[in-house]
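Input: a single structure, listed below in structure tokens.
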Amino acid sequence: SSSSTTTTTTAPPTGAPPAAFSEKIRKRIRIVKPYPFTYATFAKGRWTNRTILDVYNSEFGSYPRSYYEGAIRNGRITVGGKIVSTDYKIKGGDELCHVVHRHEPAVAICDFEDKDDNDNGCDINTPKYITVIHEDNDIIVVDKPSTVPVHPCGGYNFNSLFHILSDQNPLLRGSLHNVHRLDRLTSGLTIVAKNTEMAKALGQCINDRKGCYKVYLARVKGKFPLNAPVEKRFLDEECSTSETLLSPHISNGEWTIDSDKFKKGDAATSIWITNNRGELKTTTEGVTLKDVFQSRIDPKQLENDGTAVEIPVERNGEGSIHWLHLACPCEITCHKNGVCKAGNGKAAQTAFGVVHYDEETDSSVVLARPLTGRTHQIRLHLQYLGHPIANDPNYGGEMFFFNDGGRKMCEEAHEKMKQIDEKNNASNNDDSRTDSGARGNNNKINRPYHAISTDVPATEEEVKCINQYDRSEFKSFLEYLEKSCVWCERSKGEEDRAVLEFLARSQGIWLHALQYSLNVDGKQISYSTPLPKWSYFQKEV
């Protein structure tokens, strides 16, 4: 399917600490105009001998049952390109197609900074999308903005990193391959392969974890790590020598210990502290969580393995560098919604160090070095330690943490959409149904409260409204598709709907992939990005 995109600028606060910048920060967002799209899939084994209505109603959750009844009846859902009845029983090898009028959420693609109102150095017409860190014949390394998924998934297709990079450089179209995961709401360094051979080599390196080191930056609530559960710290007798925690067999976050505290085969949950060389620092030595909080790491001076370049004590004044390590299993509790939790599941291990602390916002910027790569691992581990990412609402944070401007814009966006709904409903009260397919008294917008685009499933009221249309009433299938689209109904009369929805959503969390080091064919390569703006608490940092 073809589509067209537009870009626009908006000026919501991006959540930088209040004292961090006097500059105005504006975001350029990318909007994809709605377009016809076909979701095609071959019948899965568990679908055979079940009715097509039953399968769509139980396996897919964007619409209620009444929608699928109408979609099958009017040919939006077909089998092998043919219209079937709702009681058609699926056979092995059947190709099921669902044609929709696809609405993609807007995404942020870059920022603009104006130092003052008279500074014309920022040209908002410059077609800059994604910052490229490195590019050669085999890979392209970029600084991915938050809100952008790496590859097409869920409600995102053209507004994915792969498509945006291809628009930015048409020579890349069709040649990009995924190497590693990075959550949509997470920003930072992303490595993309240009051919299958390199994708396989890099993927193998990451899976083997040999010579592969990742460093993230996060901004969390409180004085990290003073809220951590000290009862989970290894006792001296359980780890009396440094070798106990540093031997090679625990390099993947898994090891065996002799203790009555754990059942055989369980993934242990434990905390310990090391110095920058990885040597264990015990309670006997008087090293506490406060020592971790008081040490400081310069994120601009990191070794390839993610450890810090030591700052002499006489300059630091707060002691040598300490790292807090957490081993805590993670699991996905709901694959459909991507919900995860810590405490059970697969073994996972992360090391954390403090960059700095801001008293005004009571938040810390920390470095995170994950030894394993579980889904949402860093977010879960920080939540477990009592220091969630400050603006991560899914795991203990607040979407608009110390960002009253962003919260106000979100509320104003919702109020604006509500006013437009009320205006349209009032103007439609006296309409009457005509042969062209227009609706009369039922021509009402029934969007659920605070529903934004496809984030909230369609309701029975909305489906009842669009099911009044019959395909035979329209000259073309595209016209019918647009008229019977729930998401078009939600957006009715709103030319700037995509911008309003962008302001109403989370514009990313304070988690940033800062540095990746990989060993490819015996050669160690390392890439890093500039520090994200939210990591600054003072101008000079």
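No experiment lies behind these values; they were computed from the predicted model shown.
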Give a yes or no on whether the backbone of Gln349 and the side-chain of Gln377 come within a donor-acceptor separation of less than 3.5 Å. yes
Considering residues at least two apart in sequence or located in another chain, which fulfil the ring-ring contact (aromatic ring centres under 6.0 Å, His included) criterion with His151? none
Counterpart residues, ring-ring contact (aromatic ring centres under 6.0 Å, His included), relative to Phe224 (two or more places apart): Phe352, His387
Which residue pairs satisfy the salt bridge (charged side-chain N to carboxylate O under 4.0 Å, His left out) criterion with at least one member in residues 46-55, sequence neighbours excluded? Arg46-Glu59, Arg50-Asp54, Arg50-Glu59
So, using side-chain contact (heavy atoms from CB on, under 4.5 Å) as the criterion, who are the partners of Ser175 when residues are at least two apart? Leu172
Apply salt bridge (charged side-chain N to carboxylate O under 4.0 Å, His left out) to Arg76 and list each qualifying residue two or more places apart in sequence or on a separate chain. none
Is there side-chain contact between His356 and Ser364, with at least one heavy-atom pair below 4.5 Å? no
Could you work out, with side-chain hydrogen bond (donor to acceptor under 3.5 Å, both in side chains) as the rule, every residue matching His98, not counting sequence neighbours? Tyr67
For Thr307, check side-chain contact (heavy atoms from CB on, under 4.5 Å) against everything at least two apart and list the hits. Asn276, Glu303, Asp305, Arg369
Kindly write out the residues that satisfy side-chain hydrogen bond (donor to acceptor under 3.5 Å, both in side chains) with Lys221, not counting sequence neighbours, or none if the list is empty. Glu398
Tyr39: what forms a side-chain hydrogen bond (donor to acceptor under 3.5 Å, both in side chains) with it, not counting sequence neighbours? Arg102
The side-chain contact (heavy atoms from CB on, under 4.5 Å) partners of Thr190 (sequence neighbours excluded) come to Val142, Lys144, Val150, Leu161, His180, Leu182, Val192
Pair Glu104, Tyr35: side-chain N/O donor-acceptor within cut-off below 3.5 Å: yes
Please name all residues satisfying side-chain contact (heavy atoms from CB on, under 4.5 Å) with Pro393, sequence neighbours left out, ordered by chain then number. Met399
Those residues at least two apart in sequence (or on a different chain) that pass side-chain hydrogen bond (donor to acceptor under 3.5 Å, both in side chains) with Tyr395 are His376
